[in-house]
Amino acid sequence: MNNISNIAGSRYAGQFARASMPVSDDMLLAALHGQAAQALPELQPYPAMPQDRSARHRRAASGGADASAGSDAGAASAAIVLTEPAERYTEAPNVHADNDFQVKGMLNRVALGNGANTVTVTGKFANVTAGDGNNRIDGAMKNVTLGHGDNHFTGDAQVMQVGNGDNRISGGFTMLSVGKGNNEITVKERLGTLTLGGGNNMVDTGGLKRGGHVKLNGGVTTLKAPLDDLTVEFGAGATKDNVTIGRMGNDLVASRTDTNEKLIVPGLFSTFPRPTFTLRAGSSRFHV
């Protein structure tokens, strides 16, 4: 199985990571299967349906009883490890548990209910979904969807959606969307589009190799280390008539006159060389 991971990782991982649009699991499976068949002809084809060992995992964690039968598990389960290609774990919707997962296979899918979930991904192209709670997710994966709570994420994702709460997120993303709250986001390597919720957002783009697109949606956003080709867009209803751009000390301050939406770029005017990025308000563009 390590041969498959190495083959897929070396030939396809970089290609799909650079894709501008999300890549389907079918495409990844087809690429993986085709290459593996050439390199290792003795391998058997993948089964028609991915394995879902959720019930067996639950029985093992609960000493033989299927936890999906309870209305609220409420207790931490033993660490669960997914290793097989396309293996899945699906939590029953009425289960509340503090789950600990290690995802090591290719194209694994993990769907969890509410709770303090910890998921560590070392495999490739995983899809992780977790409900409300203080979720901690680490690793490089394909898609991540987290509910409301104090979510922590470190790694890389093609598409990531996070609910309301005090989110701490660090990594590279094709598309990242966060809800309302006191969000701290550190973007590294790459960024397609970042959509922010209301609240107090701290965004550090200093780790980017090239610019991306940041969409404001109410609240106050503090932006550190913008790049020349970064675009920041005010939320719906913004026009050149209700956006003001000014300087306070060495900080850039751009704000809406009709809402509390504001952008602060600390130390911009004391930076040398000073980056010139783009602000958008509706159809109007400002180069600052």
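Computation of the quantities below employed the complete heavy-atom set of this structure, encompassing side-chain atoms and omitting hydrogens, waters and symmetry-equivalent molecules. In this text the structure is predicted, and so the values were computed from the model without any measurement.
The side chain to side chain contact (heavy atoms under 4.5 Å, CB included) test with K209 is passed by exactly one of E189, K188, R190: E189. Just one of N135, D100, D98 meets the side chain to side chain contact (heavy atoms under 4.5 Å, CB included) condition when paired with T118; it is D100. Exactly one of L176, N143, T145 qualifies for a side chain to side chain contact (heavy atoms under 4.5 Å, CB included) with M160. That residue is L176. Of the listed residues (N151, N164, N167, N200), just one forms a side chain to side chain donor-acceptor pair (under 3.5 Å) with N183, and that residue is N167.
The CG atom of L146 sits 9.5 Å away from the CG atom of L112 when rounded to the nearest 0.5 Å. Going from atom CD of Q158 over to atom CG of N127 covers 9.0 Å, rounded to the nearest 0.5 Å. Interatomic distance, NE2 of H152 versus CG of N134, reported as 7.5 Å (0.5 Å rounding). Rounded to the nearest 0.5 Å, atoms NE2 (H213) and OG1 (T195) are 8.0 Å apart. One distance of note links OG1 of T244 with NZ of K262; it measures 9.0 Å at 0.5 Å rounding. Rounding to the nearest 0.5 Å gives a distance of 11.0 Å between NZ of K215 and OG1 of T231.
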Donor-acceptor pairs under 3.5 Å, side chain of residues 278-286 to any protein atom, not counting sequence neighbours: which ones?
| unit_1 | atom_1 | unit_2 | atom_2 | d |
| --- | --- | --- | --- | --- |
| T278 | OG1 | H287 | ND1 | 3.3 |

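Not a single donor-acceptor pair under 3.5 Å links the side chain of N250 to the backbone N or O of L268. Judged by distance alone, with hydrogens and angles left aside, the side-chain atoms of D228 form a donor-acceptor pair with the main-chain N or O of T276 at under 3.5 Å. Formation of a donor-acceptor pair under 3.5 Å by the R247 side chain with backbone atoms of G249 is found in this model. A donor-acceptor pair under 3.5 Å links the side-chain atoms of N114 to the main chain of D132, judged by distance alone. Under a 3.5 Å cut-off, the side chain of T205 and the backbone N or O of A225 do form a donor-acceptor pair.
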Query raised in the report: side chain to side chain contact (heavy atoms under 4.5 Å, CB included) between F234 and N242: does it pass, once the steps are laid out?
Result: CA-CA 11 Å; F234 280 95; N242 60 23; over 6 Å; no
Query - Test log, rule side chain to side chain contact (heavy atoms under 4.5 Å, CB included), inputs D138 and F153 - result: CA-CA 6 Å; D138 296 298; F153 175 88; over 6 Å; no
**Report entry** Verdict with supporting geometry, F277 and V214, side chain to side chain contact (heavy atoms under 4.5 Å, CB included)
**Finding:** CA-CA 11 Å; F277 65 98; V214 178; over 6 Å; no
Query raised in the report: Is there a side chain to side chain contact (heavy atoms under 4.5 Å, CB included) between N260 and V220 once you walk through the steps?
Result: CA-CA 7 Å; N260 66 342; V220 177; 5.9 Å; no
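By the neighbour-count criterion of 12 heavy atoms within 6.0 Å, atom CZ of R136 is sparsely surrounded, having that number or fewer from other residues, nucleotides or ligands.
Cluster membership for I245 and L263, using ILVMFWY side-chain heavy atoms within less than 4.5 angstrom, is shared. Side-chain heavy atoms closer than 4.5 Å link hydrophobic residues (I, L, V, M, F, W, Y) into clusters, and following such links, even through other members, never connects V253 to F269. Note: the hydrophobic cluster containing I264 does not contain L216 (ILVMFWY, side chain heavy atoms under 4.5 Å, direct or indirect links). Residues V178 and M202 fall into different hydrophobic clusters, defined by Ile, Leu, Val, Met, Phe, Trp and Tyr side chains chained together at heavy-atom separations under 4.5 Å.
The aromatic rings of Y89 and F101 sit perpendicular, their planes meeting at an angle over 60°, well past the 30° parallel limit.
A pairwise comparison of heavy atoms in A130 and N117 identifies CB-ND2, 3.8 Å as the closest pair. The two atoms that bring P266 and T222 nearest to each other are CD-CG2, 3.7 Å, heavy atoms only. Between N108 and E84, the closest heavy-atom pair is ND2-O, 2.8 Å. Shortest non-hydrogen contact noted between A140 and V121 is O-CG1, 3.5 Å. The two residues R256 and A238 come nearest to each other via the heavy atoms NH1-CB, 3.6 Å. Across all non-hydrogen atoms, the minimal contact from V144 to A157 is CG2-CB, 4.1 Å.
Side-chain contact check for N217 versus L196: every heavy-atom pair is 4.5 Å or farther apart. Using a 4.5 Å cut-off on side-chain heavy atoms (C-beta onward), P226 and V265 make contact.
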